[in-house]
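Computed over heavy atoms, backbone and side chain alike; hydrogens, waters and symmetry mates excluded. Read the numbers this way: they start at 1 and go in the same order the structure lists the ligands and their atoms.
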Amino acid sequence: MQVIESVKEMQTVAMQLRFGGHLIGLVPTMGNLHDGHVSLIKQANEKSDKVIVTIFVNPKQFGPNEDFEEYPRTWQDDLKKCEDNGVDIIFHPSVQAMFPKDFSSYLNEEAVSSVMCGISRPTHFKGVTTVCLKLFNLVRPDFSFFGQKDAQQCAVIKKMVRDLNIPTEIKVGETIREPDGLALSSRNQYLSKLQREDATSISKALNKAKELADSGIGNTDRIIAEIIHLLSQKRRIRIIYVKVVDKDTMQAVKTISQNQTIACVAVWVDDVRLIDNIVF
Ligand code: PAF
């Protein structure tokens, strides 16, 4: 396994792989790899013959009062997980290498990004799309892998790829969960034992919503009301949003369409921000 820190070297090595006829799978991450990332790496290995994992805590996607400094950085552990799971290259650039002081070109997707997390984190998706476009340009992957837990991020990136004719196919891997249902996230480790207990109500509320939908309730106002009701019973939870939306546009819908409608939740568990979703 090769570790590349230089932007130029990454571009050259990826180009050589492509000219050598290899299919490249890219798994962009901010490190602190968990089983959700490992499952994306495994899917990348199945679809492609060279797997590149990027580990870069992207400052551009954190707001001024967010957790960029505290975001867990676990390099040795990440290195081992990549090695154990057949990664060919880790791209691990510095902030200076990706965003030199005079950096001034950003990409703004304006529709899918404008709702839900785009409201509560107004600069977040601009940071995500900008860094992903840079990674796509550097690596030119045939396939790029993202997790369903970040449903809006997946939709924004798919839209950007379509709008700008970026030659990569976006693959979305299912959300990996703890045995108690909590969706895996690097931010779970900020949770205390009590906060963690309350956090399990997120997946419980989403499962209940799916149960209602499966029983024939198609009115999304009724589904949203149920999720809000269940989350509100937990002392430490403050709801940021509960939405039932189309999974491609992220626009609210009134009735449920199977495999197309998704319930999305963002909450504060005290001072820890968590998101989750379920596809109906
Ligand atoms: O999902 C993430 O970890 C990040 O948003 C991503 C896609 C690696 C961009 O920094």
Side-chain angles (χ1 to χ4, degrees), residues 4 7 10 24-41 43-44 51-63 66-75 77-78 81-82 87 89-99 103 106-109 112-113 116-118 120-139 141 143-161 164 166 168-176 183-190 250 264 266 272-277:
I4 296 180
V7 163
M10 183 69 259
I24 302 179
L26 174 72
V27 185
T29 81
M30 297 207 297
N32 192 234
L33 304 181
H34 51 60
D35 285 353
H37 299 113
V38 170
S39 121
L40 295 179
I41 292 171
Q43 288 166 56
V51 174
I52 302 179
V53 170
T54 69
I55 296 186
F56 177 63
V57 185
N58 171 26
K60 302 286 184 191
Q61 68 188 76
F62 290 80
E66 294 184 354
D67 55 341
F68 173 68
E69 296 297 342
E70 298 80 48
Y71 198 85
R73 287 149 172 97
T74 49
W75 173 244
D77 207 42
D78 294 347
K81 284 202 172 108
C82 286
V87 170
I89 297 173
I90 299 181
F91 179 47
H92 182 49
S94 66
V95 171
Q96 173 61 23
M98 287 295 273
F99 297 112
F103 184 88
Y106 292 86
L107 179 69
N108 219 1
E109 189 288 320
V112 187
S113 306
M116 301 198 303
C117 287
S120 45
R121 304 183 73 193
T123 56
H124 172 66
F125 289 118
K126 181 177 164 189
V128 171
T129 47
T130 302
V131 82
C132 285
L133 182 58
K134 279 179 71 86
L135 295 173
F136 294 155
N137 282 336
L138 290 172
V139 174
F143 307 102
S144 304
F145 296 81
F146 296 87
Q148 171 64 26
K149 200 215 58 146
D150 301 312
Q152 190 174 10
Q153 170 170 279
C154 292
V156 168
I157 290 169
K158 278 186 175 173
K159 186 65 171 37
M160 155 181 123
V161 162
L164 301 180
I166 300 170
T168 188
E169 194 179 317
I170 302 300
K171 298 280 183 196
V172 178
E174 64 172 337
T175 303
I176 308 295
L184 292 195
S185 160
S186 298
R187 293 192 168 97
N188 290 352
Q189 58 199 265
Y190 299 150
M250 294 285 135
C264 298
V272 183
R273 192 183 191 281
L274 297 179
I275 57 172
D276 199 356
N277 64 79

Report the residues that fulfil salt bridge (Lys or Arg N to Asp or Glu O under 4.0 Å) with R187, sequence neighbours left out, ordered by chain and then residue number.
D67
Assess K60 against Y106: is NZ or CZ under 6.0 Å from the centre of the six-membered ring, and within 45 degrees of the ring's axis?
no
State the atoms of ligand 1, each with its element, that fall below the 4.0 Å cut-off from a heavy-atom position in V131.
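In order of number, 9 (C), 10 (O).
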Which ligand 1 atoms are under 4.0 Å away from a heavy-atom of Q153?
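By the 4.0 Å cutoff, the relevant atoms are 1 (O), 2 (C), 4 (C), 5 (O), 7 (C).
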I'd like to know if the side chain of N32 reaches the main chain of T74, judged simply by a donor and an acceptor atom lying under 3.5 Å from each other, with no hydrogens or angles considered.
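Side chain of N32 to backbone of T74, a donor-acceptor pair under 3.5 Å: no, none is there.
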Contact check, side chains of C117 and R273, non-hydrogen atoms, under 4.5 Å
yes
What is the closest protein heavy atom to atom 3 (O) of ligand 1, and at what distance does it sit?
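Heavy-atom neighbour on the protein nearest atom 3 (O) of ligand 1: M30 CG, 3.6 Å.
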Nearest neighbour in protein (non-hydrogen) for atom 4 (C) of ligand 1
Q61 NE2, 3.6 Å
Short version for F146: what comes under 4.0 Å of ligand 1, heavy atoms counted, is side chain
Taking both backbone and side-chain atoms of T29, is any N or O found less than 3.5 Å from an N or O belonging to ligand 1?
no
May I ask you to say whether E66 pairs ionically with R121, meaning some side-chain N is under 4.0 Å from a carboxylate O?
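Judged by the 4.0 Å cut-off on N to carboxylate O distance, E66 and R121 do form a salt bridge.
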